2 protein chains.
Amino acid sequence: MRDADATKQRLIEAVDALIVEQGIGALGVNAVAQQAGVDKVLIYRYFGGWSGLLQAYAEGEAFWPSTQDLLGECPKEILALPPAERWQLVLSRYVRELSKRPRTLEILAWEVTARNEITARLEAVREKRALELLSHLGDGCDPDVDLGALAAILSAAVHYLLLRGREIRGYSGIDLQSEAGWQRLEQTMARLLTAYFQSN
Amino acid sequence: MRDADATKQRLIEAVDALIVEQGIGALGVNAVAQQAGVDKVLIYRYFGGWSGLLQAYAEGEAFWPSTQDLLGECPKEILALPPAERWQLVLSRYVRELSKRPRTLEILAWEVTARNEITARLEAVREKRALELLSHLGDGCDPDVDLGALAAILSAAVHYLLLRGREIRGYSGIDLQSEAGWQRLEQTMARLLTAYFQSN
DNA sequence: CTTGCATGTCACTGTGCGGTGACATATGCT
DNA sequence: AGCATATGTCACCGCACAGTGACATGCAAG
């Protein structure tokens, strides 16, 4: 083929395929080269090494749901809702968007155990997005309420439950792999939010 | 020393030391043998191999806070509290107990990325304990309330935030490595619980 | 004292890993 | 056409890993 750009692309796609199919644990120079059907030496030539390839992959991929994904096409309508409903809606969308993204879940899991430049960058992007979204969600809320802590708790719960749900069913009596289980979770989160915003 | 039991013990302790000092990622036959100051072949002789040693370690260690740790010495007093306060207290203790247990956090992190016999067993123990505790916490609550989901959400949030706090500071604007950050989190959880139980 | 076994040491195999140097060949420019 | 270089192939290194076989030695029972 003699086409460097295409080869780079194949390597990056191979990283993605391996992550989705086998998980981050299976990732490595040899595995990626084989998956791409390419000699591994090209990883070093084109990306300067393993971490270079990972970085290229991380930059090219949109792991994180966009603000639009979460607020929808008519953010004004959503932002006009009372706080509890607004948060419920966004949280529900957040769950849906994340569960559609096996790559993102894999990355989230990776961040829990590994710490390196790649995860650090991805985390920085995430944090920025979170704060950005948070600024939108705060309109019209009682300033006395700690929205940062609220978002931290709820998103943390969602992250953990989605991650565990990839492998186990029963968690605190909830079936994390069934629609019904997640309905119980979302309903309880919704009630928590309603009660919380009502009480202030 | 010519003492098989002592050697077994040293190996198990070496596993523990490595987990605490270097994390699960650093665990391996060679590393453990070196840490124990013992030949690795003894791992195979005494434990039948690597997974045997891990299993022996897992069985011997008490990773999980006991019901007593969480309910305290006078469970009756705690169980006599109104639901919101009861849950607040237990949750707060749960955070404190877990943050004292680096091994347990390491295992929790491990479970997120790896799935094997060991993690499966540990998870089973955890789930059993959780349901047990849950049965105590449900007294006098509105039966309409989904306590399983509530416990899942809150414990998931705590797990995730504790795990992330080992490596990052900023999460949704909260400093996960400071007393102040955790006070914000606990206070928000407390308010959520109060509002939640009040509204039913 | 001698024999048998538990305990421990050492050297080794095979595998997969990340990484590199030397070579082959297609492509595009002059 | 001929050359330089970008592109790709291949064989290889050193390392760490899990696991094993053969040997040495202390101890306890006969």
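All chains are named by letter (A, B, ...) in the order of the sequence lines, taking the proteins before the strands, and each is independently numbered beginning at 1. In this text the structure is predicted, and so the values were computed from the model without any measurement.
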Suppose we call two aromatic rings close when their centres sit under 6.0 Å apart. Are Y57(B) and F47(B) close by that rule? no
Can you find a donor-acceptor pair, distance only, under 3.5 Å between R2(A) side chain and dT7(D) base? yes
If the threshold is 4.0 Å, N to carboxylate O, is there a salt bridge linking E106(B) and R166(B)? yes
When you measure from every atom of DNA chain C, which of residues 113-121 of chain A have a heavy atom less than 4.0 Å away? none
Under 4.5 Å between any side-chain heavy atoms of V15(A) and L11(A), yes or no? no
Is the shortest side-chain N/O distance from T7(B) to OP1 or OP2 of dG8(C) below 4.0 Å? yes
Side chain of D39(A): nearest nucleotide among dC27(D), dC10(D), dA24(C)? dC10(D)
Assign each of W50(B) and R45(B) the nucleotide of DNA chain D bearing its closest heavy atom; nearer the 5' end lies the nucleotide of W50(B)
Write down the distance between CD1 (I43(A)) and P (dT9(D)), rounded to a whole number of angstrom. 13 Å
Rounded to the Å, how far apart are Q35(A) CD and dC17(C) P? 14 Å
NZ/NE/NH1/NH2 to OD/OE distance under 4.0 Å, R101(A) and E97(A): yes
In whole angstrom, give the distance that lies between atom CG of D3(A) and atom C1' of dT25(C). 16 Å
Rounded to the Å, how far apart are Y44(B) OH and dT7(C) C1'? 18 Å
Rounded distance in Å - NZ (K8(B)) to C1' (dT7(C)): 11 Å
Minimal non-hydrogen separation, A56(A) against I12(A), with atom names: CB-CD1, 4.1 Å
Any donor-acceptor N or O pair under 3.5 Å, side chains E85(B), T194(B): no
Between CD of Q34(B) and C1' of dC17(D) the distance, given in whole Å, is 13 Å
K40(B) NZ to dC12(C) P, in whole Å, measures 14 Å
Does a side chain donor of either T67(B) or E132(B) reach within less than 3.5 Å of an acceptor in the other side chain? yes
Whole angstrom is fine here: how far is it from CG in L42(A) over to C1' in dA6(D)? 11 Å
Nearest-nucleotide pick for V41(B), side chain only, options being dG21(C), dT20(D), dT7(C): dT20(D)
Shortest side-chain distance from Y46(A), nucleotide among dG19(D), dT9(D), dT7(D): dT7(D)
